[in-house]
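Encoded as structure tokens, the structure appears first; notes follow it.
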Amino acid sequence: MEHPMKNEILPMRQALLKRLNDSELKKWLRDYAMPYKELMAYYRCAMMEVETKFNVLNEELSLAYDRNPIETIKSRLKSPESIVDKAARKGLPLTIDSIEKNIRDIAGIRVICSFPSDIYMLADCLLSQDDITLIERKDYIEHPKPNGYRSLHLIVEIPIFLHNQKRLMKVEVQLRTISMDCWASLEHKIFYKKNVQDAQRVEQELIACAELAQQLDSRMERIYRETLGDQPASIDAELG
């Protein structure tokens, strides 16, 4: 099995070729290649820590809910090209310290939940843990993006314990329902190509689809709660 750090510098080198001349690239590789590999390893450790926390919560809460509130957990490390592009957009120096300090979504965990209420419950459970520090919270469920995107975003800081030190690492956590995640995935595929014909009409259609997804989430949760005796029988009346 290939080690995840093997040849990790090659894609970073390709990304830097677009931004640096030959001498600048050689200097970067000389000064930062090994620190970059180490930093990415630390982010992987941080993702594993956060993912484990959600797996433990899912197991524990399944006893109380008689179901698993988490459908799936996905993790990803930001690509070298995305790191370099974001640093360039922000006007940041391409040093390891600058990347770690200013780019807070290099490590990402996406938690797909059954119902909207699960999102906030899981977020509260995570943030109540004494080794988790909330850095930033953006609620795109209460306040969707103009294109219809919905999700709860948290930037958290978590310690990782190495053989000779403790490091505090930042991880972005995105919490979504199944329908929110489906919409976001399909929206990304639709707009992956830059030149979409009749883009304005497509954007309006996607906003309408996002609203349908939100209605689906609300209705499914109300049906679920009705089966538990927690909601009135008339679902249609509540939906207006």
Side-chain angles (χ1 to χ4, degrees), residues 50-51 54 57-58 61-62 65-76 78 82 85-86 89 104-105 107-127 134-156 171-240:
V50 175
E51 186 168 352
F54 278 114
L57 284 170
N58 196 40
L61 292 168
S62 68
Y65 282 72
D66 198 26
R67 66 176 178 85
N68 295 99
I70 297 176
E71 297 289 333
T72 57
I73 303 174
K74 306 172 185 177
S75 62
R76 68 100 183 98
K78 205 172 190 67
S82 295
D85 287 348
K86 192 162 191 175
R89 289 197 306 271
R104 301 194 288 188
D105 62 345
I109 296 287
R110 184 173 299 154
V111 182
I112 313 302
C113 305
S114 303
F115 301 111
S117 62
D118 294 332
I119 290 173
Y120 294 103
M121 179 266 294
L122 287 164
D124 289 344
C125 289
L126 177 71
L127 296 176
L134 177 65
I135 304 299
E136 184 179 64
R137 178 186 180 114
K138 291 184 178 179
D139 191 340
Y140 296 118
I141 301 172
E142 287 293 323
H143 306 285
K145 288 186 178 182
N147 69 345
Y149 175 85
R150 288 175 167 85
S151 184
L152 178 64
H153 287 201
L154 308 172
I155 304 292
V156 300
V171 177
E172 181 188 53
V173 178
Q174 298 177 358
L175 297 111
R176 305 173 178 173
T177 61
I178 301 167
S179 64
M180 292 174 195
D181 188 58
C182 177
W183 181 93
S185 177
L186 295 177
E187 190 270 350
H188 177 74
K189 288 180 180 179
I190 289 169
F191 277 106
Y192 182 75
K193 294 182 178 180
K194 300 298 181 184
N195 299 317
V196 176
Q197 293 185 354
D198 200 2
Q200 187 173 2
R201 182 190 64 79
V202 173
E203 288 172 357
Q204 292 302 312
E205 289 278 4
L206 287 169
I207 291 171
C209 288
E211 291 170 353
L212 288 173
Q214 189 275 331
Q215 292 173 22
L216 176 63
D217 274 337
S218 296
R219 187 161 192 151
M220 293 298 285
E221 179 150 11
R222 289 184 178 119
I223 292 170
Y224 171 70
R225 293 195 177 281
E226 183 189 49
T227 66
L228 300 178
D230 293 342
Q231 291 287 330
S234 179
I235 297 169
D236 286 325
E238 286 198 18
L239 289 173

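Bear in mind that the values here come from a model prediction, so they are computed numbers and not experimental data.
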Quiz item: Which pair of heavy atoms, one from P69 and one from S62, lies closest together, and at what distance?
Solution: CD-N, 4.4 Å

Practice problem: Given side chain to side chain contact (heavy atoms under 4.5 Å, CB included), test L212 with Q215 step by step and report yes or no. | Solution: CA-CA 5 Å; L212 288 173; Q215 292 173 22; 4.1 Å; yes

Quiz prompt | Heavy-atom side-chain proximity of D181 to K74 below 4.5 angstrom | solution = yes

Quiz item: Would you say S75's side chain and I109's backbone share a donor-acceptor pair under 3.5 angstrom?
Solution: no

Quiz item: side chain to side chain contact (heavy atoms under 4.5 Å, CB included) between I70 and F54: does it pass, once the steps are laid out?
Solution: CA-CA 8 Å; I70 297 176; F54 278 114; 4.0 Å; yes

Quiz item: With side chains defined as the heavy atoms from C-beta onward, is the minimum distance between I135 and R104 less than 4.5 Å?
Solution: yes

Self-check item: Considering all heavy atoms, the nearest A210-G148 contact
Solution: CB-O, 3.3 Å

Practice problem: Would you tell me whether T177 and R150 have side-chain atoms, one donor and one acceptor, within less than 3.5 Å of each other? | Solution: no

Quiz item: Do the charged groups of E226 and R222 touch, with an N to O distance under 4.0 Å?
Solution: no

Self-check item: From CZ (F115) to CD (E71), nearest 0.5 Å
Solution: 8.5 Å

Quiz prompt | Atom CG of D66 with >12 non-hydrogen neighbours under 6.0 angstrom | solution = no

Quiz item: Should R67 and D118 count as side-chain neighbours, where that means a heavy-atom distance under 4.5 Å?
Solution: yes

Self-check item: Pi-cation contact, Y149 with R176 (under 6.0 Å, within 45°)
Solution: no

Quiz item: Under 6.0 Å from the NZ atom of K138, do we count more than 12 heavy atoms belonging to anything else shown?
Solution: no

Quiz item: Hey, are the side chains of Q214 and D217 touching, using non-hydrogen atoms and a 4.5 Å cut-off?
Solution: no

Quiz item: Quick one: are L206 and W183 in side-chain contact, heavy atoms under 4.5 Å?
Solution: yes

Quiz item: Are E172 and R76 close enough, and set up right, to give a salt bridge (Lys or Arg N to Asp or Glu O under 4.0 Å), and what steps lead you there?
Solution: CA-CA 10 Å; E172 181 188 53; R76 68 100 183 98; 3.8 Å; yes

Practice problem: Look up atom OG1 in T72 and atom CD1 in I178, then write down how far apart they are to the nearest 0.5 Å. | Solution: 8.0 Å

Quiz item: Is a donor on one side and an acceptor on the other found under 3.5 Å between the side chain of S82 and the backbone of K78?
Solution: no

Quiz item: Going from CG on L216 to CE on M180, what distance comes out if it is rounded to the nearest 0.5 angstrom?
Solution: 10.5 Å

Quiz item: Does atom CE of M121 have more than 12 heavy-atom neighbours from other groups under 6.0 Å away?
Solution: yes

Quiz item: Taking atom CZ of R225 and atom OG of S117, what is their separation to the nearest 0.5 Å?
Solution: 4.5 Å

Exercise. Would you check if there is a donor-acceptor pair between the side chains of Y65 and N58 at a distance under 3.5 Å?
Key: no

Self-check item: Straight-line distance of L186 CG to H188 NE2, nearest 0.5 Å
Solution: 11.0 Å

Exercise. State the CG-CG distance between L61 and N68, to the nearest 0.5 angstrom.
Key: 9.5 Å

Exercise. Taking the side chain as every heavy atom from C-beta outward, state whether H153 and L175 have any atom pair closer than 4.5 Å.
Key: no

Quiz prompt | Any donor-acceptor pair under 3.5 Å from S185 side chain to C182 backbone | solution = no

Self-check item: Note, E142 side chain near Y120 side chain (heavy atom, < 4.5 Å)
Solution: yes

Quiz item: Would you say I73 and I112 make side-chain contact, with heavy atoms under 4.5 Å?
Solution: no

